[in-house]
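Since the model is a prediction, treat every value here as computed from it, not as a measurement. Letters go in sequence order (proteins before strands), and every chain restarts at 1.
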Amino acid sequence: MKKFATWNVNSLSIRLPQVLDWLSAHPVDALVLQETKLTDDKFPTLEIGEAGYQVQWFGQKTYNGVALISREKATDVVKNITGFADEQARVIAGTVDGLRVIGGYFPNGQAPDSDKFTYKMNWLTSLRHWLIQELKAHENVVLMGDFNIAPEDRDVYDPVAWAGQIHCTPEEREHFQQLIQLGFTDAFRLFDQPPKSWSWWDYRNLAFRKNQGLRIDHILVSEALKGRVTACEIDKLPRKNERPSDHAPVILTLDG
DNA sequence: ATGTCGGGACCTTCCCGA
């Protein structure tokens, strides 16, 4: 049995103790983090090493930043999308125990009429082209992270209010479906899930208390892995911590 | 409710991004 997870921590400086606590309760084989918001020289390699994990990291000042934490050292590490020049640190990929693990912090996009949305569309197109190559090179691929896309209306607490809004536009959802068409499966939807399952709740408006959220953090598995998936769950517990991230971790369990 | 966070700088208060 193997376990993989993704978590947007919204600043690893603030959240490191929670990440270490979480790892001791959930000793996963690999965990990808998003929004570390740390330059590479400030990355807490020592603390993560003391917890018994290897780590690869790729960050920048103030914004973005990703990491791949794993029991076994990741090899063939790639930072950002090959073939897409990007100022922003958003992707880290590595091979762990024969599985290609790709962690992504997809652009937020801000608003459908913004420059940031155009960037998001270009980023998604480039990601897809690169993934075609990754899928040719690796049979077992796990693509996970903060996609900043709610794929369907059932992934949105108020689909009417959010219709056409960022995370829910037809263009973003089309990009998500194009990833699925590469041969990926949304592991969360392989199983019956509680209704109103979200992975993100706005800090504002008492959103978590009212369970007003979106499912925008995902774990996609390649065709060869689909039959090995035995569970995929959102762990809401860390969102109840005293200084929580606005995102909850998502956990994948594989047979064998 | 444009309601909260986190980081950073023109730094104890504002701005941006989410």
Side-chain angles (χ1 to χ4, degrees), chain A residues 6-22 32-44 47-48 57-67 80 86-92 103-124 127 144-151 155-169 171-173 175-176 198-218 234-250:
Chain A
T6 176
W7 194 4
N8 179 327
V9 291
N10 185 21
S11 168
L12 187 56
S13 296
I14 300 289
R15 234 66 68 187
L16 180 62
Q18 293 185 36
V19 171
L20 297 175
D21 283 352
W22 191 86
V32 290
L33 304 179
Q34 301 88 41
E35 285 203 85
T36 55
K37 298 187 178 179
L38 290 171
T39 51
D40 288 345
D41 57 304
K42 299 225 169 61
F43 197 87
E47 292 87 339
I48 292 169
W57 63 97
F58 177 42
Q60 64 181 98
K61 198 175 177 184
T62 313
Y63 306 113
N64 312 312
V66 286
N80 267 352
D86 199 345
E87 303 280 303
Q88 306 182 28
R90 294 189 172 276
V91 173
I92 191 152
Y105 175 46
F106 292 35
N108 175 288
Q110 198 171 56
D113 60 354
S114 68
D115 290 346
K116 293 191 174 78
F117 189 81
T118 306
Y119 166 73
K120 183 174 194 171
M121 294 296 107
N122 293 335
W123 191 95
L124 285 162
L127 174 72
M144 55 185 172
D146 176 1
F147 284 51
N148 271 313
I149 300 172
D155 300 312
V156 182
Y157 73 94
D158 185 347
V160 174
W162 280 79
Q165 301 298 309
I166 197 66
H167 310 306
C168 304
T169 64
E171 294 93 329
E172 292 164 279
R173 287 177 170 179
H175 270 287
F176 187 89
W198 324 125
S199 67
W200 170 86
W201 301 257
D202 202 308
Y203 283 124
R204 296 167 288 188
N205 314 331
L206 305 171
F208 184 70
R209 213 166 78 184
K210 295 189 278 192
N211 197 29
Q212 297 180 341
L214 308 176
R215 191 177 72 95
I216 55 177
D217 300 84
H218 307 296
I234 297 168
D235 180 13
K236 280 178 74 165
L237 221 57
R239 191 61 176 79
K240 297 177 183 174
N241 287 344
E242 197 162 325
R243 284 183 83 179
S245 168
D246 43 353
H247 295 254
V250 186

Counting distance only, does the side-chain N/O of [X] pair as donor-acceptor with the main-chain N or O of [Y] below 3.5 Å?
X: A:E172; Y: A:H167; result: yes
X: A:N80; Y: A:R90; result: yes
X: A:Y105; Y: A:N8; result: no
X: A:W162; Y: A:Y157; result: no
X: A:D86; Y: A:Q88; result: yes
X: A:R239; Y: A:W201; result: yes

* So, is A:R243 near the phosphate of B:dT4, with a side-chain N or O under 4.0 Å from OP1 or OP2? ->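 The answer is no; no side-chain N or O of A:R243 sits under 4.0 Å from OP1 or OP2.
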
Integer angstrom distance from the [atom1] of [N] to that of [M]:
N: B:dC16; M: B:dC11; atom1: C1'; result: 15 Å
N: B:dG7; M: B:dT12; atom1: C1'; result: 16 Å
N: B:dC10; M: B:dC5; atom1: C1'; result: 22 Å

For the pair made of [atom1] in [X] and [atom2] in [N], what is the distance, rounded to whole Å?
X: A:L38; N: B:dG6; atom1: CG; atom2: P; result: 13 Å
X: A:L16; N: B:dG6; atom1: CG; atom2: P; result: 14 Å
X: A:L12; N: B:dG7; atom1: CG; atom2: C1'; result: 14 Å

* Check the side chains of A:N211 and A:W198 for a donor-acceptor pair under 3.5 angstrom, ignoring hydrogens and angles. =>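 Side chains of A:W198 and A:N211: pair found under 3.5 Å.
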
* Asked: For residues A:D146 and A:Q34, is any side-chain donor paired with an opposing acceptor at under 3.5 Å?
  ->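 No, no side-chain donor-acceptor contact under 3.5 Å.
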
* When you check every protein heavy atom under 4.0 Å of nucleotides 9-18 of chain B, what one-letter string (B, S, -) results, 5' to 3'? -> S-------SB

* Which parts of residues 206-214 of chain A get close to DNA chain B, meaning a heavy atom less than 4.0 angstrom away? ->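 Output list: empty, so none.
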
